[in-house]
Amino acid sequence: LSSIKFALDTNYAMAVVAIGFAAILDTLDGRVARLVRGASKVGKELDSLTDVISFGVAPGFIMYFWTLNTIGKFGWMFVLIYTVCCALRLARFNLTVIEENETWKINFFEGVPSPAAAGLVLSPLILNLSGLIQFENYAVLSSVTILTTSVLMVSKIPTYSLKRILIPRHLAIFLLLGIGIYVSLLIFYTFETLFFSAIIYIILIPISYFHYKYKSKTSLIATNEEETEDIL
């Protein structure tokens, strides 16, 4: 909600930063709840409700105030489509059940998750704030971006669940070093770092798709072998 207020004041840099803080909190809230033994069904529902506002409503408003309002009713229609797709994606996520023999699927999302979608939708604005490249017509770029992201959210394309990546203990020092470097880049080159992070995530989408297909195939082969052994 604060990001919407910043956008109304045309302070788009702080609007993007506010969404970034929301994404960080969304990453930590589940871990904190489990740590203090405060996890509950209410918390699960509340998490999705807040995600609709933080990663559905707020980014849509920011992009509308920034450039989509210049194309009139179509700009507002794109915002509505994105927000509805975000709500549908979160509703589907709440109903997703993973079978016991398919625990590997916990490492993948079905469609682009809402925090990542918010980053992709805001990427034209982030690019503008970074000063790396300047476009004459950001409205067209933003329209294509928001519609593409909307489709990716409600699609069944498997994407990596970055929240659940397990790092071997002997590599923990390199993970901490990487986090330190990334945070330093965010502090000194905020929007440049965010833009390249969005590019990297886009590259990971086809990689996650083929990785999912490979895991699915190997899991099916293993299941068939177990059934054959039971028969014999």
Side-chain angles (χ1 to χ4, degrees), residues 1-8 14-65 76-123 145-166 194 197-198 201 204-205 208-209 212 215:
L1 290 174
S2 296
S3 69
I4 296 174
K5 196 269 181 187
F6 286 129
L8 282 167
M14 282 304 300
V16 172
V17 169
I19 298 296
F21 273 114
I24 293 171
L25 293 174
D26 182 63
T27 303
L28 298 176
D29 58 2
R31 289 178 172 84
V32 173
R34 288 188 291 272
L35 185 65
V36 301
R37 297 181 180 178
S40 66
K41 291 183 178 179
V42 173
K44 181 180 179 181
E45 298 301 324
L46 185 61
D47 182 50
S48 292
L49 290 172
T50 54
D51 284 355
V52 171
I53 297 174
S54 299
F55 310 121
V57 177
F61 270 108
I62 292 170
M63 295 305 291
Y64 182 78
F65 293 143
W76 183 243
M77 182 180 69
F78 297 154
V79 172
L80 292 177
I81 291 172
Y82 171 73
T83 305
V84 170
C85 288
C86 182
L88 291 173
R89 190 258 173 276
L90 289 165
R92 186 177 65 185
F93 172 76
N94 284 351
L95 296 174
T96 301
V97 178
I98 297 175
E99 301 290 339
E100 290 184 4
N101 61 337
E102 296 181 324
T103 53
W104 57 271
K105 287 186 177 181
I106 199 172
N107 296 311
F108 296 89
F109 284 128
E110 194 175 75
V112 172
S114 55
L120 295 178
V121 165
L122 293 171
S123 57
T145 302
I146 198 169
L147 287 175
T148 304
T149 305
S150 300
V151 172
L152 288 173
M153 272 198 297
V154 296
S155 71
K156 294 191 175 182
I157 296 174
T159 58
Y160 284 125
S161 173
L162 301 180
K163 290 183 179 181
R164 299 186 177 96
I165 291 179
L166 298 177
L194 289 175
S197 297
Y201 184 82
L204 284 175
I205 292 176
S208 64
Y209 173 80
Y212 180 91
K215 294 287 289 184

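In what follows, every heavy atom counts, from backbone to side chain, and hydrogens, waters and symmetry copies are set aside.
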- [ ] Would you check, one step at a time, whether the test side chain to side chain contact (heavy atoms under 4.5 Å, CB included) holds for Ile53 with Ile4?
- [x] CA-CA 10 Å; Ile53 297 174; Ile4 296 174; 5.5 Å; no

Quick one: [atom1] on [X] to [atom2] on [Y], what's the gap to the nearest 0.5 Å?
X: Phe55; Y: Leu120; atom1: CZ; atom2: CG; result: 12.5 Å
X: Phe78; Y: Ser150; atom1: CZ; atom2: OG; result: 9.5 Å
X: Ser2; Y: Phe6; atom1: OG; atom2: CZ; result: 6.0 Å
X: Ser114; Y: Met153; atom1: OG; atom2: CE; result: 7.5 Å
X: Tyr201; Y: Ser123; atom1: OH; atom2: OG; result: 12.5 Å
X: Asp51; Y: Leu46; atom1: CG; atom2: CG; result: 9.5 Å

TODO: List the steps and the verdict of side chain to side chain contact (heavy atoms under 4.5 Å, CB included) for Thr159 and Leu204.
DONE: CA-CA 8 Å; Thr159 58; Leu204 284 175; over 6 Å; no

Task: Residue pair Thr83, Val79: steps toward the side chain to side chain contact (heavy atoms under 4.5 Å, CB included) verdict - done: CA-CA 6 Å; Thr83 305; Val79 172; 4.2 Å; yes

Open item on the list: Can you tell me if Phe65 has over 12 outside heavy atoms packed within less than 6.0 Å of its CZ?
Closed with: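 Yes - once you tally the heavy atoms of other residues, nucleotides and ligands closer than 6.0 Å, there are more than 12.
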
TODO: Might you confirm whether atom CG of Leu28 has over 12 heavy atoms from other residues, nucleotides or ligands at distances under 6.0 Å?
DONE: yes

Do [X] side-chain atoms and [Y] backbone N/O form a donor-acceptor pair below 3.5 Å?
X: Thr50; Y: Asp47; result: yes
X: Thr149; Y: Ala117; result: no
X: Ser208; Y: Ile205; result: yes

Non-hydrogen atoms of [X] and [Y] that approach each other most closely:
X: Pro59; Y: Ser54; value: CD-O, 3.3 Å
X: Pro115; Y: Asp26; value: CG-OD2, 3.4 Å
X: Gly56; Y: Cys86; value: CA-SG, 3.7 Å
X: Phe93; Y: Phe109; value: CE1-CE2, 3.6 Å

Open item on the list: Enumerate the salt bridge (charged side-chain N to carboxylate O under 4.0 Å, His left out) contacts for residues 76-95, please, sequence neighbours excluded, ordered by first and then second residue.
Closed with: Arg92-Glu110

TODO: From the options Ile62, Ile19, Ile146, select the one residue that forms a side chain to side chain contact (heavy atoms under 4.5 Å, CB included) with Val121.
DONE: Ile146

TODO: Measure centre to centre between the rings of Phe108 and Tyr160, then say whether the value is under 6.0 Å.
DONE: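 Yes, ring centres under 6.0 Å apart.
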
TODO: Please assess Lys5 against Leu1 for the test side chain to side chain contact (heavy atoms under 4.5 Å, CB included), listing each intermediate value before the final yes or no.
DONE: CA-CA 7 Å; Lys5 196 269 181 187; Leu1 290 174; over 6 Å; no

